[in-house]
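Since the structure comes first, as structure tokens, the remarks are kept for the end.
Naming: A, B, ... by sequence-line order, numbering from 1 per chain. All figures in this text were calculated on a predicted structure; none of them were measured in a lab.
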Amino acid sequence: MFRAESFGYRHPVDRIADVWGPRTPHGRGADWPARVDQQLADGVSESDVDRWVPSACVLCSNGCGCDIAVKDGKIVGVRGRAEDLVNRGRLGPKGLFGSWQAHGKERLTRPLVRRGGELVETGWDTAMDLVVRQSRRLLEEIGPLSHGFYTSGQLFLEEYYTLGVIGKAGIGTPHMDGNTRLCTATAAAALKETFGADGQPACHTDIDLCDALFLYGHNMAATQTVMWARVLDRIEGPDRPRVVVVDPRTTPAAEAADVHLAPLPGTNQALMNGLLRAVIANGWVDHDYVSHHTLGFDELKATVEPYTPQHVAEICRVSPAGLLRAAEIFGTSQRVLSTVLQGFYQSHQATAASCQVNNLHLLRGLIGKPGSGVLQMNGQPTAQNTREAGADGDLPGFRNWDNPDHVEELARLWNVDPLTIPHWAPPTHAMQIWRYAEQGSIMFLWISATNPAVSLPELARIRRILRQDDLFVVAQDAFRTETTELADVVLPAAMWGEKTGTFTNLSRVVHLSEQAVAPPGEARSDLDIFLDYARRMDFRDRDGDPLIKWTDAEGAFKAWQECSRGRPCDYTDLSYDKLRGSGIPWGGERLYTDSVFPTHADYCEDYGHDLLTGASTTPTDYKARRPDGRAFLKAAEYTPPPEVPSDDYPFIGTTGRSVYHFHTRTKTKRAPELQKAAPQPWVEISASDAADLGVAEGDLVRVESSRGGVEVPVRIGRCRDGVVFLPFHYGFQAANELTHTEWDPVSKQPLYKLSAVRIRKV
Amino acid sequence: MHLATYLGLLHTSLRSLAAAFREVAKGHGDEPDVQHTCTVLASRIDAQTEKLGPIVGRYGEDREDEPERLHTAEFTETRSGGVGLLRDLQDLYALASFTDITWTVVGQAAQGLRDKELMDVVSSCEQDTARQLAWLQTRIKQSAPQALIAARG
Ligand code: SF4
């Protein structure tokens, strides 16, 4: 259908230097032109490729459709799919270089078990026997609460669902979560608080249609490069949208903005209250919409009233004029798209601030309409599925743990006693799972497809927990990582391209990723590993039949479809066959086109929380408000962050991502181009802070918090004064040595953006 | 009129409650959410005490030491471990409930006196106390199974 004509591989561009690739400008409402990007291994030309296997990239939440090039049973490259609605053929540097080059390098090919302190190779039977024996013993001696499962945002939907059923109905433990807690828990929480259920309201096409684009704590230019290419194409086309960026750093996104607000880290809520106040005070509210489709306007209005531009300017250190200009753009643009990410999600008051973005849209009725809506962004590629399928702190199908009917539905579906499914409290969030492990009440911890020994806060503590004698750690990964080195059993897993499954991106677009090649050695898909565990544990349903009734990915998908039936994330219209074309969103292009929100008490995913403390709203209180399809305008006053700079630790340290790496670099460091582009960590400091400290570009400095320190070279960057930035990807001199164990009260997402640090020259 | 007695009771119970939240925050630093939330709630209780100031100015107060007794009996020091946390939160719940019902009593008097200013103070402070109780209940429910069934020591 579409073929690469004039861009990408036909006109080779250095996509490390030119991250977003050549421009294809388009005007408002025009289709985004296709541009096919392709990368093949050295010496391989297009005619050498045996097969192209359809998939989508799993190196960020954008989920760009692509084809995997296969030659002689090996992956030799990748090409964007021109017909895919997400990327129209484009791939960014991570997709081009990072998605396929790690496959043949340093893979785990056999299970490992710890003997005499050392990890030694063994067979599957020995390894799984050990796992099952530990599991059985602890279930017998202590019960399900001894078990914890910590998974990922990088597996497939089928794998999460299978894991979810094993944990919730097989074992019956509430201690299940994903590293999605670190990246997108606030997205889910903010959507639930405002709209009653998870689910991204907007879509990628809204970039093509909007008149104004707001990025809140979201450096899209680095984190979703192909999405940003789409924005750049609008910016360079006719009738460009106005762009507002909220970020303490002068990122490439901020440089492209019409208004850049750089609030002090830890003050987002004050800024948002200021924007809301200005929108209300200037009469930019659609009162008709508000009265028909929302609840809580009076309280919101009263809460934001004290946040005058001057007051906000004092708290956030932004200019009152900039704030008012941003409010005006929001208040007067016909179509507005907002995206939110880690700058908001990994701060204190994360859920509160993210809800205020939803509130702005609700005040103007700008949701569910072409060009208007909110994307509470995901970080990882398959995080949406962790949330949907119940492998994290949610019940599958966006069901409400506090609604006995929802639990009963699951029990019927799985044919188990409802009492098996833990629902006496919200499922345990990751930070609490680690706390229980630290205290010794979780003694069996199964980690899949994630590297907590680099990605969790306060790494010294995490390493200590993983080393505890009485904690049995199973780590399932494609590579040896900082985490597998501390595990008792290591299970070798297949990677993307070596297994089949589906996943859902940040705008609900579901892609099928088909197996292109066989996994190396004895490595198995994560799905097969979970199925094997279930078989060996002999989990049964109420009739004595096996609890897990499927044996492959498509079977798991069909079981999941049944589970999702009638719920907001209903997958019953999809199938593997339909998905073989290209990505398809669940729920239609946009959600809430009829302004009816999933807040009905029988239907909602959550009864909500107090944004300040995280206290759960009781079912009775929730029902008394009779939301019945109306969205909640949740309000919160600003409170100062738990850790602020002091004489000893005068800087605010924030962590984030590099455009060239993904997560803890297990894949991207094995792509030579990416590794060369960003081989080691650094600290970014403002020019004036650098001058005060007497350090220059490239000088080695020690950055320390009260928890630990790292030694890294300086980059004179574009942070605001008093704020320093460290990339979090690196397992050596890891930024998370500095961060603290502290989280948002509602989403439980850790506060990576707010560590008090000091810096000295080494 | 015995309102002054109740204002005194309220005043003392607020101070005890704020102190108790601070003690739990300090004693459970290994539970960062408990530490942070208790600190936030304590400062909001201070704000309640401030709001009570002008009311006390008008009606006077007779100091009562009953909540003080409640407090000292239960908060000589915080406990440790999963069950210890549970017990400390439960003690906070008891103290907060005492404050809650005391606000209710004062609120009833405010209605009888048609004292609009006092009624407003009571209604905002009652909401705040409800928030404390809701958070305590949420956190207690979350901790209880693990502490009672799986915790060691
Ligand atoms: S934008 Fe994301 S999904 Fe697309 S190619 Fe880059 S890393 Fe992959």
**OP:** To the nearest 0.5 Å, tell me how far B/Gln146 CD sits from A/His175 NE2.
**Re:**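 These two atoms lie 3.5 Å from each other.
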Original post:
To the nearest 0.5 Å, what is the distance between CG (B/Asp33) and NE2 (A/His429)?
Top reply: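 One finds 6.0 Å between CG of B/Asp33 and NE2 of A/His429.
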Counting only heavy atoms closer than 4.5 Å, note whether [X] contacts chain B via side chain, backbone, both or neither.
| X | answer |
| --- | --- |
| A/Asp470 | side chain |
| A/Glu637 | side chain |
| A/Met431 | neither |
| A/Trp424 | both |

I want to check something: taking the side chain as every heavy atom from C-beta on, are [X] and [Y] in contact at a cut-off of under 4.5 Å?
| X | Y | answer |
| --- | --- | --- |
| A/Thr613 | B/Val40 | no |
| A/Gln432 | B/Gln142 | yes |
| A/Glu438 | B/Asp30 | no |

Subject >> Portion of B/Leu41 that has a non-hydrogen atom of chain A nearer than 4.5 angstrom >> reply: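 Only the side chain of B/Leu41 comes within 4.5 Å of chain A.
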Original post:
Tell me, which pairs form a side-chain hydrogen bond (donor to acceptor under 3.5 Å, both in side chains) where one or both residues lie in residues 135-144 of chain A, sequence neighbours left out?
Top reply: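 Residue pairs with at least one partner in residues 135-144 of chain A: A/Gln134-A/Arg137, A/Ser135-A/His147, A/Ser135-A/Tyr533, A/Arg137-A/Glu141.
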Subject >> Residues that A/Lys634 engages under side-chain hydrogen bond (donor to acceptor under 3.5 Å, both in side chains), provided they are two or more places apart >> reply: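 Expected list: A/Glu193.
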Subject >> Evaluation steps, side-chain contact (heavy atoms from CB on, under 4.5 Å), between A/His609 and B/Thr138 >> reply: CA-CA 10 Å; A/His609 300 83; B/Thr138 301; 5.9 Å; no
Original post:
Between A/Asp621, A/Thr639, A/Ile142, A/Asp610, which residue shows the highest count of heavy-atom pairs closer than 4.5 Å to chain B?
Top reply: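 Most heavy-atom pairs within the cutoff with chain B belong to A/Asp610.
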**OP:** Flag the one option from A/Thr741, A/Thr617, A/Thr618 with the top tally of heavy-atom pairs under 4.5 Å to chain B.
**Re:**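 The answer is A/Thr741.
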Between [X] and [Y], what is the shortest heavy-atom contact and its length?
| X | Y | result |
| --- | --- | --- |
| A/Ser441 | B/Ala150 | CB-O, 3.5 Å |
| B/Gly81 | A/Gln439 | C-NE2, 4.4 Å |
| B/Lys141 | A/Ala425 | O-CB, 4.0 Å |

Subject >> By side-chain contact (heavy atoms from CB on, under 4.5 Å) - contacts of A/Pro745 (at least two apart) >> reply: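 For A/Pro745, no residue satisfies side-chain contact (heavy atoms from CB on, under 4.5 Å) once neighbours in sequence are set aside.
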**OP:** Would you please go through residues 99-123 of chain B and name the residues with a non-hydrogen atom below 4.5 Å from one of chain A, in numerical order?
**Re:**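 So no residue qualifies.
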**OP:** Determine whether more than 12 heavy atoms belonging to other residues, nucleotides or ligands lie under 6.0 Å from atom OH of A/Tyr649.
**Re:**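 Atom OH in A/Tyr649 is packed in, count exceeds 12.
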